[in-house]
Number of protein chains: 2
Amino acid sequence: MGQKIKLSTIADALGVSTATVSLALRDSPLVADETRERIKHHAREIGYIYNRRAASLRTSRSGILGVVVHDIMNPFFAEILRSIETELDRSGQTFLLSNHYDDLEKQRSFIDTLLQLGADGVIMSPAIGTPAEDIAMAERNGLPAVLIARAVEGAEVPVFRGDDAYGTALATNHLISLGHRRIAMVGGTDQTSTGRHRYQGYLDAMTAAGLEVKPSWRIPGPRTKQAGFDAAGQFLTIEDRPTAVCCWNDLVAIGLMNGIARAGLVPGVDVAVTGYDDIEEAAIATPALTTVWNGQREVGRRAASALLDKLNGRPVRLSQELIKPELHVRQSSGVPIKTP
Amino acid sequence: MGQKIKLSTIADALGVSTATVSLALRDSPLVADETRERIKHHAREIGYIYNRRAASLRTSRSGILGVVVHDIMNPFFAEILRSIETELDRSGQTFLLSNHYDDLEKQRSFIDTLLQLGADGVIMSPAIGTPAEDIAMAERNGLPAVLIARAVEGAEVPVFRGDDAYGTALATNHLISLGHRRIAMVGGTDQTSTGRHRYQGYLDAMTAAGLEVKPSWRIPGPRTKQAGFDAAGQFLTIEDRPTAVCCWNDLVAIGLMNGIARAGLVPGVDVAVTGYDDIEEAAIATPALTTVWNGQREVGRRAASALLDKLNGRPVRLSQELIKPELHVRQSSGVPIKTP
DNA sequence: CTGAAAGCGCTTACAG
DNA sequence: CTGAAAGCGCTTACAG
């Protein structure tokens, strides 16, 4: 590898100071055009690699942003991440991704890593049970945060998310309008704000329509395709089985439909199903999934842009408007059924 | 935020030197037990945050490993990443993830970032067209690399991958043994070593069985669910249509099955389908997907462990044995069909 | 077992 | 427009 090439290597070779080299490489107008070009050309020539650790030690800006979510392999987060990526690519920041799998310790250890690396900010979908103090601690130590998807009681940071209660109410009302009276809700957990809101929206819609809601119609828990698939058995054996299911998200809906199909029934015909999120796969599922578009791209875009604002000292409003979900009707909710 | 807390803050408060504090916090046996405990306790008390940039500037070890793949949201890579994560969590390294989406410039910019951050190593599934020199350059600059999934001609680094040709031959022979004579291959690209090997395995099996292979039976390109879904139309209109399809991967297979179902045919009955990878979803698809297990976890585990070996100066063999794929038979390949 | 001092590779006032 | 020098917060020989 020979000698390590650094600013002073260039400075010595060209007979200028390291200050001049440093300024030239960052396109400072202080440096004469001809000097700058000479320096940049030579740097490229000898394969100089900028040492960001040294720079950031000096400037206390690392160019690193953290993003931590429950699970980046979940298409819902994947779509948010893609739009964060698009937004941040423009800003030249590097982003450090992590899953916390709803494990508070894993989340803490990631935040700790960010602090140690001097990260400039973090976008997080907080793990279940995240105390407001965890976020306050990060901010006190110079790590500004914005939240996505889930709120944290008492945290003084902006949250970007959709109107979950409104969304499940849309889906539930759609099923009601098709003539369904017995509607189940499968998946989600009351441990997250998202879970509570989505369940509430379903309840509100049922109540507003004067419909009964039996406890056995609620199957809490599932949030993945596999869990949705596994829940099919439990759903199919409910006494006086509901004719429709409002699912926590698209993954659960698709899994559940596969489980229903495996049991010999036809989803969308024998049982109406709705999802939530409108992930890309929803449109090509069998049957195509009726679902609630949740504005993932918009969530990511707004969160990234708010974080950049925050760390550039621009004001960011604490309370953010909810993104309005939209119902996307496809085949899985079926055709109107006859009312008795 | 008050004053920034650093090693010297602790040293001053306790009347010791920064050297002692530094050693104590890293559990050096050089420091007396009592001193160490006093220092650690005080550090915790006042909320000291270790500055990794400063440390790594001094030691030239950053504790950062890079992982770059085509698309982390692809379940195939997702499973590899999970096992890398598991392996690296133990080592206390932080990992920096990135997608290159087969864009060489994006990959270069990521490698550049790793170099600037002084990353300790990188695991990559190289973008299409990656020249061996890109990898050599990284290594020359102190960034050891190991490859996963795809090989790069001329690159002097270990590659961890499955035996792709053997795998598609397994799937193709399975279809042949069920009585199929006209078998299509859908998806994949000849631009990657993986693509070439998988196609070759299919060809070899067909040829060995004395079967004809028509050019129209090969639909190259699709690598995602959506693309598999879209390819259904093309497949279904092939003249003298094949009765079975060997798909590039599970995503394509699942998408294709959905497309076939949308057209009113029953996958697994009207058309036999096999996948590749055996991602989690394969088992719960409708119908359950016959596929080739590709050892993702094993690939991730071996690659991570080889990288750790490499950067700890332990020897790593350049040539690595291929992971042997296994056929997992489920419903999508259907029951034996009558031969004419 | 502990301390004083140099140095990792940058950037930033400050002088000229 | 350019240079000399200090300093970011650690770790590591070296001395005691």
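Note on naming: letters A, B, ... go to the chains in the order of the sequence lines (proteins, then strands), and numbering restarts at 1 for each one. Since we're looking at a predicted model, the values are computed, not measured.
In this structure, Leu23(B) places its CG atom 10 Å from P of dT2(C), rounding to the nearest Å. Atoms CG (Leu30(B)) and P (dA13(D)) sit 12 Å apart, rounded to a whole Å. Taking atom CZ of Arg58(A) as the reference point, atom P of dG7(C) lies 19 Å away to the nearest angstrom. Rounded to an integer number of Å, the gap from CG of Asn51(A) to C1' of dC10(D) is 14 Å. We find that CZ of Arg53(A) is positioned 19 Å from P of dG7(C), with the value rounded to whole Å. One interatomic measurement links the two molecules: CD1 of Ile10(A) to C1' of dC10(C), which rounds to 12 Å at whole-angstrom precision. Atom CG of Leu25(A) is separated from atom C1' of dT12(C) by 16 Å (rounded to the nearest Å). Rounded to an integer number of Å, the gap from Leu7(B) CG to dA4(C) P is 15 Å.
The distance from atom CG of Asp89(B) to atom NZ of Lys106(A), rounded to the nearest 0.5 Å, is 4.5 Å.
Side-chain contact of Tyr101(A) with Gln107(A): a donor-acceptor pair under 3.5 Å is absent, judged by distance alone. When only modelled atom types and interatomic distance are considered, Arg52(A) and Thr94(A) share a side-chain donor-acceptor pair under 3.5 Å.
Among dT12(C), dC8(C), dC10(D), the nucleotide with an atom closest to any side-chain atom of Tyr48(B) is dC10(D). Comparing dT2(C), dG3(C), dG3(D) by their closest approach to the side chain of Val16(A) singles out dG3(D).
Regarding contacts with the backbone of dT12(C), a side-chain N or O of Arg26(A) is found under 4.0 angstrom from either OP1 or OP2. Considering only side-chain N and O atoms, Ser60(A) lies nowhere under 4.0 angstrom from the phosphate OP1 or OP2 of dC8(D).
When both pairing distances are held under 3.5 Å, dC14(C) makes a Watson-Crick or G-U pair with dG3(D).
Backbone-only engagement by Thr35(A) is indicated by non-hydrogen atom pairs under 4.0 Å involving sugar-phosphate atoms exclusively. Counting non-hydrogen atoms under 4.0 angstrom, Gly15(A) reaches the backbone sugars and phosphates but no base.
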Test salt bridge (charged side-chain N to carboxylate O under 4.0 Å, His left out) applied to Glu79(B) and Arg82(B), step by step: CA-CA 5 Å; Glu79(B) 292 179 17; Arg82(B) 267 197 246 272; over 6 Å; no

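Across the interface with DNA chain C, nearest-nucleotide mapping of Thr20(B) and Ala19(A) shows Thr20(B) to be the residue nearer the 5′ end. If Thr18(A) and Ala32(A) are placed on DNA chain D by their nearest nucleotide, the residue sitting closer to the 5' end is Ala32(A).
Nearest heavy atom pair, residue Asn99(A) against residue His70(A), reads CB-O, 3.6 Å.
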